[in-house]
Amino acid sequence: MKNREIATIFESLADILEIKGENAFRVNAYHRVSRIIGDLPTDVADLVESGEITEIAGIGAGTAGQLAEYLETGRITRYEEAKKSIPKGLIELLSVPGLGPKTIGLVWNDLNVKSLAGLKRALRGGKILDLPGMGKKKVENIQKGISAYESRSGRLTLGAILPTAEEIVEYLKETTGVSDVSLAGSTRRYRETIGDIDVLAFSRKPAAVIEAFTGMPGVKEVLAAGTTKASVRVSGAMQVDLRVVPPDSAGAALMYFTGSKDHNVRLRGLAQEKGLKLNEYGLFKGDRRVAGKTEEAVFRRLGLPFIPPELREDRGEVEAALEGELPDLVEREDIRGDLHVHSNWSDGYATIEEVARAAKAQGHQYVSINDHTRSLGIAHGLSIERIEKQLKEIAKVNKKIKGITVLSGTEVDILSDGRLDFPDKLLARLDVVVASVHSGFAQSSDRITGRIVSAMENPHVDIIGHPTGRLLGTREPYAVDLERVMEVAAETGTALEINAYYERLDLNGVNVRRAVELGATIAIGTDSHHIDQLWMMDLGVHTARRGWLTKKSLLNTLTKSALLKRLGRK
DNA sequence: GCCGTTTTCGGCCCGACTGTTTTCAGTCG
């Protein structure tokens, strides 16, 4: 599947055209094309071949032609020509905070700057000060931007920053004159990675809030501070943006600040069609505000039901809302158990009894123990003898602790030749069999897909664990043909996992949605190795919601007896 | 470049902050 590589090409093309000062709307159109193709769960080649590609809003005849050219020849003439017209090193400069296409174009044309190194030389030489519109402060800002760019860690995982984000919210709530504080941006949409933390405060005394915010403990640098918004950098190079609006505008501001940007553009377009104007202060007809206090009111006035934040990615949610076809999303309260937890019998830290008590505290009715199997020596994988002992221990814990059931399970290794690490006879006796790939990551797509498919064809395998194997920011997915896996999952009645561990979130939302479209069922497991990780069920549920998941497609919403019946039926 | 029960041409979301400007351009989200 070439979706990612094609998306990258259109992104570069947009960047090049932007630096060259092309029409901003055309640049935007290319950015949009890049995002759409990067998000596609299906192979773009199939859509081009069938001609369906132009049915997607934002992709027209021009793009379709370029896609066809790429699939046929491996190149896009428009891109090749654009690439030749500009030094390669300039594109990187767009990632320097504070440096935009206009400035880059200026230093390129007037000072012959061709790269980051060239820009640094120009800064040292002082020549840059002679450029029009360039002053001492601007030069300083560019220098700061370069340092920030060179030291930045990129996007961080949602699970890693949520605790910090929630601390900041709690801190600001204590400020006098603040009626409420909310997280916004990609954090509120529960994107798996976060570029910066967006915080929204409601107050009629913004100055006091800005002051409290910029003076917060942990603030390393104040990037900007105005009368209603401010940006700071906290430890770990993480940027936090605060916006303060009056309580009357809370709903409109939440919408504006939650995004996504593309979703907002759609809503504003919709407002425009109705002769209205939408901004962060409200929905306006002329100078009169017709909605703004709550998100529900703004949506209603636009003729829409409430769209949950997880759906606000411009992936068809506005259209679905207009048609009255938004899904009834699964909620945390619908979850009755965790279907993938490790104990200290393999590489976890808690005893089975501790897991049971902690899972009960999470409100679960059942929790499944899925330790590793013998071939995974590094994780103390269980031998057949040890899992026999573990089954006895689980029975003992179930007798001892009331109000929760510990299900017996395993995370059985899918060996590099496709066999499973435990014999069928043993698997048949376990309640919840998760099968996962932990080796042979570099295998060809055919081989690795074949392994997973043969695991799904085993009647005792209930769930495929972390189906793509990706680790956010550190490991790319293996070359699995997900579409095929989803189809076989549907055929065989094998569930696909949302591994809710914060560095995995695998499947992600886009893939969950596609899997369910193809008829597959989903199971959420936290893959906890410590009882302090069981909370990540929240991340799993929000990921499910990002995948438009309803209650009926999720195993974890079944009662214990319904679950066991369902798993036994395969 | 995309799009159209107001349009196949002429639109395309909107505002805050900063710095270099005497009224605005660039950047960002």
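All chains are named by letter (A, B, ...) in the order of the sequence lines, taking the proteins before the strands, and each is independently numbered beginning at 1.
In this structure, A:Gln143 atom CD and B:dT18 atom C1' are separated by 17 Å, rounded to whole Å. Rounded to an integer number of Å, the gap from CG of A:Asn141 to P of B:dC17 is 16 Å. Counting to the nearest Å, the C1' atom of B:dG26 and the CG atom of A:Leu93 are 16 Å from each other. The distance from atom CG of A:Leu200 to atom C1' of B:dA16 is 14 Å, rounded to the nearest whole Å. Here B:dG29 presents its P atom at 17 Å from CZ of A:Arg35, a figure rounded to the nearest Å. Going from atom CG of A:Leu242 over to atom P of B:dC17 covers 11 Å, rounded to whole Å. Separating the CD atom of A:Glu55 from the P atom of B:dC2 is a distance of 15 Å, rounded to the nearest angstrom. As a whole-Å value, the separation of A:Lys137 NZ from B:dC17 P is 16 Å.
Looking at A:Ser85 and A:Lys20, their side chains do bring a donor and an acceptor atom within 3.5 Å of each other. Side-chain contact of A:Arg289 with A:Ser249: a donor-acceptor pair under 3.5 Å is present, judged by distance alone. Looking at A:Thr550 and A:Asp328, their side chains never bring a donor and an acceptor atom within 3.5 Å of each other. Between the side chains of A:Thr77 and A:Glu69, at least one donor-acceptor pair of N or O atoms lies under 3.5 Å. A:Glu5 and A:Tyr70 share a donor-acceptor pair across their side chains, judged by distance under 3.5 Å alone. In the model, A:Arg312 has no side-chain atom that pairs as donor or acceptor with a side-chain atom of A:Ser260 under 3.5 Å. A side-chain N or O of A:Asp527 and one of A:Asn499 form a donor-acceptor pair less than 3.5 Å apart. For the residue pair A:Ser231 and A:Asp241, a side-chain donor N or O sits within less than 3.5 Å of a side-chain acceptor on the partner.
Salt-bridge formation is not detected for the pair A:Glu313/A:Lys261: no Lys NZ or Arg NE/NH1/NH2 atom is positioned less than 4.0 Å from an Asp or Glu carboxylate oxygen.
Take A:Glu280 and apply the side chain to side chain donor-acceptor pair (under 3.5 Å) test, not counting sequence neighbours, and it matches A:Arg243. By the side chain to side chain donor-acceptor pair (under 3.5 Å) test, A:Thr176 is found to be paired with no residue, residues two or more places apart in sequence or in another chain being considered. Every salt bridge (charged side-chain N to carboxylate O under 4.0 Å, His left out) that A:Arg266 has, sequence neighbours left out, goes to A:Asp314, A:Glu319. With sequence neighbours excluded, the residues satisfying side chain to side chain contact (heavy atoms under 4.5 Å, CB included) with A:Lys274 are A:Leu276. Under the side chain to side chain donor-acceptor pair (under 3.5 Å) criterion, A:Arg514 pairs with A:Glu483, A:Glu517, sequence neighbours left out. Every residue two or more places apart in sequence or in another chain was checked for a salt bridge (charged side-chain N to carboxylate O under 4.0 Å, His left out) with A:Arg121, and none qualifies.
Pairing of B:dC17, defined by two Watson-Crick or G-U wobble distances under 3.5 Å, is identified with B:dG26.
A syn orientation is assigned to B:dT7, its glycosidic angle lying within 90° of 0.
Sorted by residue number, the members of residues 72-89 of chain A with any non-hydrogen atom under 4.0 Å from DNA chain B read A:Arg78. Annotation: proximity of residues 3-18 of chain A to DNA chain B (heavy atom, distance under 4.0 Å) is found for no residue. Near DNA chain B, defined here as any heavy-atom distance below 4.0 Å, the residues from residues 221-228 of chain A are A:Ala224, A:Ala225, A:Gly226, A:Thr227, A:Thr228, listed numerically. The stretch residues 97-131 of chain A comes close to DNA chain B through A:Pro97, A:Gly98, A:Leu99, A:Gly100, A:Pro101, A:Lys102, A:Thr103, each having a heavy atom under 4.0 Å from the strand.
Using C1' as the reference atom, B:dC28 and B:dC13 are 14 Å apart when rounded to the nearest Å. Taking atom C1' on both nucleotides, B:dT6 is separated from B:dT23 by 36 Å, rounded to a whole Å. On the P atoms, B:dT27 is 15 Å away from B:dT21, given to the nearest whole Å. Comparing B:dT7 with B:dC12, their C1' atoms are spaced 13 Å from each other, to the whole Å. A distance of about 22 Å separates the P atoms of B:dT8 and B:dC14, rounded to the whole Å. Comparing B:dA25 with B:dT20, their C1' atoms sit 9 Å apart, to the nearest whole Å. Comparing the same atom, C1', in B:dA16 and in B:dT5 gives a spacing of 38 Å after rounding to whole Å.
Contact annotation for A:Leu267: no contact, since no heavy-atom pair falls under 4.0 Å across all strands. Residue contacts for A:Val245: at a heavy-atom cut-off of 4.0 Å it reaches no nucleic acid atom on any strand shown. The residue A:Ile56 sits close only to the backbone: its heavy atoms come under 4.0 Å of sugar-phosphate atoms, none of a base. At a threshold of 4.0 angstrom between heavy atoms, the contacts of A:Ala24 with the nucleic acid are absent.
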What nitrogen or oxygen pairs link the protein and nucleotides 11-15 of chain B at under 3.5 Å?
unit_1	atom_1	unit_2	atom_2	d
B:dC13	O2	A:Arg268	NH1	2.2
B:dG15	OP1	A:Lys277	NZ	3.1
B:dG15	OP1	A:Asn279	ND2	3.2

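Each of A:Thr54 and A:Asp198 was matched to the nucleotide of DNA chain B holding its nearest heavy atom; the match closer to the 5' end belongs to A:Thr54.
For residues 131-145 of chain A, there are no side chain to side chain donor-acceptor pair (under 3.5 Å) pairs, not counting sequence neighbours.
Atom CD1 in A:Ile161 sits 4.0 Å away from atom CD1 in A:Ile197 (nearest 0.5 Å).
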| message | One pair to check against salt bridge (charged side-chain N to carboxylate O under 4.0 Å, His left out): A:Arg470 and A:Glu192. What are the steps and the verdict? | response | CA-CA 12 Å; A:Arg470 68 123 178 231; A:Glu192 58 225 30; 3.2 Å; yes
